[in-house]
Amino acid sequence: MSKSSRRQFSIEFFPPRTVAGESRLDEVHAELALLNPDFFSVTYGAGGSTKNGTRQLVLRYKELGSSAAPHLSFGGLDESELQQLLLDYKSRGINRLVALRGDIPSGAGSATQHRYANELVQFVRQTTGDHFHIDVACYPETHPESASYQTDVNFFKRKVDAGANSAITQYFYNADAYFRFVEYCRSCDINIPIVPGIMPITNYTNLARFSGNCGAEIPQWLRLRLETFGDDADGLRNFGIDVVTRLCDQLLAGGAPGLHFYSMNLSKSVTQIWNNLSLSDRR
Ligand code: FAD
């Protein structure tokens with residue numbers, strides 16, 4: 001399915017907002033670093049709220065010996081600030097980033113600068129040439145703002161044509177959505193690796209809320225089954241590990257060029273799924 005011969009397994013964090021959250025994340029990072037992922041990525045607030053948090057975490061992980069990739073968007077920065085940030089990352093040996101339009105913070109209104117991700121990819125290439133490996137986002141179940149499946153893939157192609165090297169998908173629980181999406185992208189001459197984004201299931205209420213916002217479908221059988229766990233958090237997590245392990249297995253068996261875990265800054269489920277799949281031996 002992919003031209004890349006080596007699979008990539010990566011793990012995503014978000015910058016915590018509290019000191020307690022930061023020290024918890026240090027422990028989580030230490031545990032997940034034992035899995036030796038290809039890189040950790042760190043999300044970036046589109047309103048610029050976690051601008052420094054993203055940079056600090058990425059540089060800290062790099063110092064600790066992990067490969068780390070910042071997420072980046074124009075949100076809240078003008079071109080010269082963004083250029084400075086890119087040059088700073090470059091000079092500190094960061095060589096990969098995830099380029100996004102970003103989510104528009106609720107209540108931000110039309111005053112917030114929001115520029116599409118293809119413009120950002122173009123800007124990164126203009127500013128720093130081929131230095132960075134650029135990942136972009138894509139949506140097997142279609143981005144919620146898109147007029148149609150085809151339009152969304154056309155806009156994805158613009159990011160690829162602007163110089164993206166690989167893509168990470170929004171999460172999904174239906175392997176066919178991914179396989180059909182990759183097939184459609186190939187027919188549109190999008191030939192970069194498309195790595196499935198994987199969301200472990202740890203909290204049904206949060207998952208339902210996120211999924212509603214980002215347009216990821218929780219299939220009815222799964223939603224109904226998750227509802228049966230009520231307050232049984234361990235039962236739900238174990239069931240979620242089983243479901244997501246099988247999903248990942250199907251994806252890898254079907255040729256997915258890697259997996260990107262949305263860890264939600266938690267280590268248990270990612271570690272268990274990773275070990276169930278023996279990912280460290282499957283590159
Ligand atoms: P784009 O590719 O710019 O697309 C946004 C929407 O506009 C789509 O509907 C697209 O079809 C449409 N579109 C694209 N180009 C054009 C155009 N030229 N004209 C008209 N319409 C167009 N959010 C954060 O805030 N911070 C993060 O760190 C973050 N990390 C993420 C990581 C991954 C792997 C993924 C999948 C998502 C992440 N998100 C993050 C969420 C993401 O920012 C949102 O999904 C956002 O709404 C779209 O970002 P994008 O880069 O895909 O945007």
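Scope of the values below: all heavy atoms of this structure, side chains included, with no hydrogens, waters or symmetry mates. Since the model is a prediction, treat every value here as computed from it, not as a measurement. Counting starts at 1 for both ligands and their atoms, in listed order.
Of the polar atoms of R101, at least one N or O is found under 3.5 Å from an N or O of ligand 1, judged by distance alone. Residue contacts with ligand 1: D152 is placed with a nitrogen or oxygen under 3.5 Å of a nitrogen or oxygen of the ligand (distance criterion only). For ligand 1, the polar-atom distance check against Y139 finds a nitrogen or oxygen pair separated by under 3.5 Å. Close N/O approach between L100 and ligand 1 is not found [any backbone or side-chain N/O within under 3.5 Å]. Close N/O approach between H143 and ligand 1 is found [any backbone or side-chain N/O within under 3.5 Å]. The shortest N/O to N/O separation between S146 and ligand 1 falls below 3.5 Å. By the 3.5 Å distance cut-off applied to N or O atoms, Q170 is not counted among the residues near ligand 1.
At least one side-chain heavy atom of L86 sits under 4.5 Å from a side-chain heavy atom of F132.
Remark: D88 engages R55, R92 in a salt bridge (Lys or Arg N to Asp or Glu O under 4.0 Å) (not counting sequence neighbours).
D38 pairs with exactly one of R96, R7, R6 by the salt bridge (charged side-chain N to carboxylate O under 4.0 Å, His left out) rule, that one being R6. Under the ring pair (Phe, Tyr, Trp, His ring centres under 6.0 Å) rule, F40 has a single partner from F261, Y262, F13, which is F13.
For the pair R101 and Y116, the NZ or CZ position fails the cation-pi test of under 6.0 Å to the six-membered ring centre and within 45 degrees of the ring normal.
Taking the centre of each ring, F229 and Y204 stay at or above the 6.0 Å mark.
Heavy atoms from other residues, nucleotides or ligands lying under 6.0 Å from CZ of R246 number 12 at most. Residue Q150 places its CD atom among 12 or fewer non-hydrogen atoms of other residues, nucleotides or ligands, all under 6.0 Å distant.
Comparing Y44, Y171, F74, F14 against atom 26 (N) of ligand 1, the shortest heavy-atom distance belongs to Y44. For atom 25 (O) of ligand 1, the candidate residues are D135, V121, D103, T54; the nearest heavy-atom contact is made by D103.
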(request) Please step through salt bridge (Lys or Arg N to Asp or Glu O under 4.0 Å) for the pair R24 and E27, ending with a clear verdict. (result) CA-CA 5 Å; R24 260 200 315 274; E27 289 167 25; over 6 Å; no
(message) With side chain to side chain contact (heavy atoms under 4.5 Å, CB included) as the criterion, how do I194 and S166 come out once you've worked through the C-alpha distance, each side chain's angles and the decisive distance to 0.1 Å?
(response) CA-CA 6 Å; I194 298 176; S166 50; over 6 Å; no
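Close approach to A137 involves these atoms of ligand 1, each under 4.0 Å from a residue heavy atom: 35 (C), 36 (C), 52 (O). For ligand 1, the atoms sitting less than 4.0 Å from at least one non-hydrogen atom of T43 are 27 (C), 28 (O), numbered in the order shown with element in parentheses.
Using a 4.0 Å cut-off between heavy atoms, F155 contacts ligand 1 through its side chain alone, with no backbone atom that close.
The closest approach between any non-hydrogen atom of Y262 and ligand 1 is below 4.0 Å. Contact between R158 and ligand 1 is present, with at least one heavy atom of the residue lying under 4.0 Å from the ligand. For the pair T151 and ligand 1, no heavy-atom separation below 4.0 Å is found.
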